[in-house]
Amino acid sequence: MEQKNEFELFQRYPKNPILTVSDWPYRANSVFNAAAAEVDGKVLLLARVEDYRGFSHLTAARSDDGITNWQIDSKPTMKPEPEKYPEEIWGIEDPRITWIEDMGKWAICYTAFSQGGPLVSLALTTNFKTFRRLGPVMPPDDKDAALFPVKINGLWAMLHRPVSRSSMLGAHIWISFSPNLKHWGDHHEIIPARQGGWWDANKIGLCSPPLETKAGWLIVYHGVKTTASGSIYRLGLALLDLENPLKVIRRTDEWIFGPQAHYEREGDVDDVVFPCGWVKKNDKLFIYYGAADSSLCLATADLDELVEYVLKCPAK
């Protein structure tokens, strides 16, 4: 692994990108923003693949070590089905995977791109071959959603990012609760986008699913800074209380990872690092992220180091 920037907590894999369309078994424009999970002893990435219409679908790739020798499904693993689910008319995007022990199933939160805008949909699977769609669970505009792996006070909990039709109000991270994964309520804004010149002003969103640690639920989120030459997507961390995730214990003031390498700075959308999944291997986190909306990359981090860093940030 290459040396990390002294201001960054993630270490880039030196042979990034780990997956591009040149690795794909069928024709596509780009591959990026993959959910990640450890399934049957292998690392599984459920990647967003964009076709030449500009529409996206999801395809699984598997690896023994989570780095090399990826076995990619020969055709799309999960395609949009607008005939049955009209909210998927313009594709499905940016999945996040959570293992639900109580159900013995994987839950996939993903963005369905409807005529009314992007919204949050949910599907369940046991094998990443067949999927039971629950359909939309949040109205547009909403995205960047992931489930907690356990119930909170008897209810399922989900982080997501609704956007007001008035852009003046910004885009913030919310939490909602459900008795059955289908009907959601008790909505609370918990992590607001900052204002002014901050790196995460006006627009933020969840990246990988919440990760349980002894200190709290570890959250990685993206912040978007709009500049004269375009937007820059960088990453920050937050820590939520284990018993009451409405309570934000800490939040980083500075970004902890941002686009620096050429494959992160140049692509279909320049200056983007965007993880949708991470996998814990011993004390290390493997963070899988989309780079410039064009390829899939890997970074690693020490989990204890991340938690220690967040705990040193100002209390919220």
Side-chain angles (χ1 to χ4, degrees), residues 19 24-26 28 31-50 55-64 66 70-88 91-114 118-138 142-151 156-160 176 178-184 206-212 275-280 286 288 290 296:
L19 285 170
W24 234 243
Y26 57 87
V31 51
F32 55 113
N33 296 7
E38 194 161 6
V39 181
D40 298 329
K42 297 178 181 288
V43 172
L44 178 142
L45 299 184
L46 192 60
R48 174 180 174 181
V49 182
E50 185 182 87
F55 297 176
S56 294
H57 58 266
L58 309 179
T59 298
R62 298 168 177 84
S63 167
D64 289 331
W70 293 94
Q71 302 298 311
I72 304 167
D73 284 357
S74 60
K75 58 184 180 181
T77 307
M78 185 174 172
K79 296 175 65 175
E81 296 184 4
E83 300 83 6
K84 298 179 181 178
Y85 304 93
E87 69 278 1
E88 298 180 357
I92 56 177
E93 309 173 351
D94 298 354
R96 277 86 167 175
I97 297 172
T98 301
W99 170 248
I100 307 296
E101 183 70 33
D102 286 356
M103 301 176 65
K105 296 179 180 179
W106 300 94
I108 306 166
C109 290
Y110 62 96
T111 299
F113 212 110
S114 73
L119 53 80
V120 177
S121 284
L122 187 61
L124 302 174
T125 186
T126 58
N127 54 18
F128 291 93
K129 296 178 181 178
T130 58
F131 303 88
R132 181 167 76 88
R133 283 167 161 89
L134 302 185
V137 294
M138 291 290 169
D142 205 331
K143 55 170 53 180
D144 299 333
L147 290 176
F148 286 78
V150 296
K151 289 183 176 180
W156 300 110
M158 179 172 64
L159 297 172
H160 57 112
S176 299
S178 171
N180 56 12
L181 294 180
K182 178 62 177 177
H183 303 100
W184 293 82
L206 180 72
C207 288
S208 304
L211 180 66
E212 185 175 2
C276 286
W278 48 15
V279 172
K280 184 180 176 184
F286 279 39
Y288 296 93
L296 271 170

Q: Show your working on side-chain contact (heavy atoms from CB on, under 4.5 Å) between Asp102 and Trp156 and close with a plain yes or no.
A: CA-CA 11 Å; Asp102 286 356; Trp156 300 110; 4.3 Å; yes
Q. Are Val137 and His160 side-chain neighbours, meaning at least one heavy-atom pair lies under 4.5 Å?
A. no
Q. Do you see a donor-acceptor pair shorter than 3.5 Å between the side chains of Tyr26 and Thr59?
A. yes
Q: Applying ring-ring contact (aromatic ring centres under 6.0 Å, His included), name anything that partners Phe148, two or more places apart in sequence or on another chain.
A: Trp217
**Q.** Carboxylate-amine/guanidinium proximity below 4.0 Å for Arg96 and Asp144
**A.** yes
(Q) Is it true that, when you exclude Asn180 itself, more than 12 heavy atoms of the residues, nucleotides or ligands shown sit nearer than 6.0 Å to its CG? (A) yes
**Q.** salt bridge (charged side-chain N to carboxylate O under 4.0 Å, His left out) partners for Glu38, two or more places apart
**A.** none
(Q) Could you go through Arg62 and Asp73, starting from their C-alpha distance and side-chain angles, then the distance that decides it, and tell me whether this counts as side-chain contact (heavy atoms from CB on, under 4.5 Å)? (A) CA-CA 9 Å; Arg62 298 168 177 84; Asp73 284 357; 3.0 Å; yes
Q) With a 4.5 Å heavy-atom cut-off, do Val49 and Leu58 have their side chains touching? A) no
Q. Does some side-chain heavy atom of Ser178 sit less than 4.5 Å from a side-chain heavy atom of Met158?
A. no
Q.
With a 4.0 Å cut-off on N to O distance, would you call Glu88 and Arg133 a salt bridge?
A. yes
(Q) Between Leu159 and Leu147, is there a side-chain heavy-atom distance shorter than 4.5 Å? (A) no
Q) Hey, are the side chains of Tyr110 and Leu119 touching, using non-hydrogen atoms and a 4.5 Å cut-off? A) no
Q.
Run Glu50 and Phe55 through side-chain contact (heavy atoms from CB on, under 4.5 Å) and show every step you take.
A. CA-CA 6 Å; Glu50 185 182 87; Phe55 297 176; over 6 Å; no
Q: Show your reasoning for whether side-chain contact (heavy atoms from CB on, under 4.5 Å) applies to Thr98 and Trp106.
A: CA-CA 6 Å; Thr98 301; Trp106 300 94; over 6 Å; no
Q | Side chain Lys182, main chain Leu134, donor-acceptor under 3.5 Å | A | yes
Q) Any side-chain heavy-atom pair from Val43 and Phe286 closer than 4.5 angstrom? A) no
Q | Heavy-atom side-chain proximity of Leu211 to Trp278 below 4.5 angstrom | A | yes
Q: Indicate yes or no: at least one non-hydrogen side-chain atom of Pro80 is less than 4.5 angstrom from one of His57.
A: yes
Only distances under 3.5 Å count here; give the side-chain donor-acceptor pairs of residues 120-127 to other protein atoms, sequence neighbours excluded, each with its distance to 0.1 Å.
residue, atom, partner, partner atom, Å
Thr125, OG1, Asn127, N, 3.2
Thr125, OG1, Asn127, OD1, 3.4
Thr125, OG1, Phe128, N, 2.9
Thr125, OG1, Thr130, O, 2.6
Asn127, OD1, Lys129, N, 2.9
Asn127, OD1, Thr130, N, 3.0
Asn127, OD1, Thr130, OG1, 3.4

Q.
Donor-acceptor pair, distance only, cut-off 3.5 Å: does the side chain of Ser114 make one with the backbone of Glu87?
A. no
**Q.** Atom NZ of Lys280: over 12 foreign heavy atoms under 6.0 Å
**A.** no
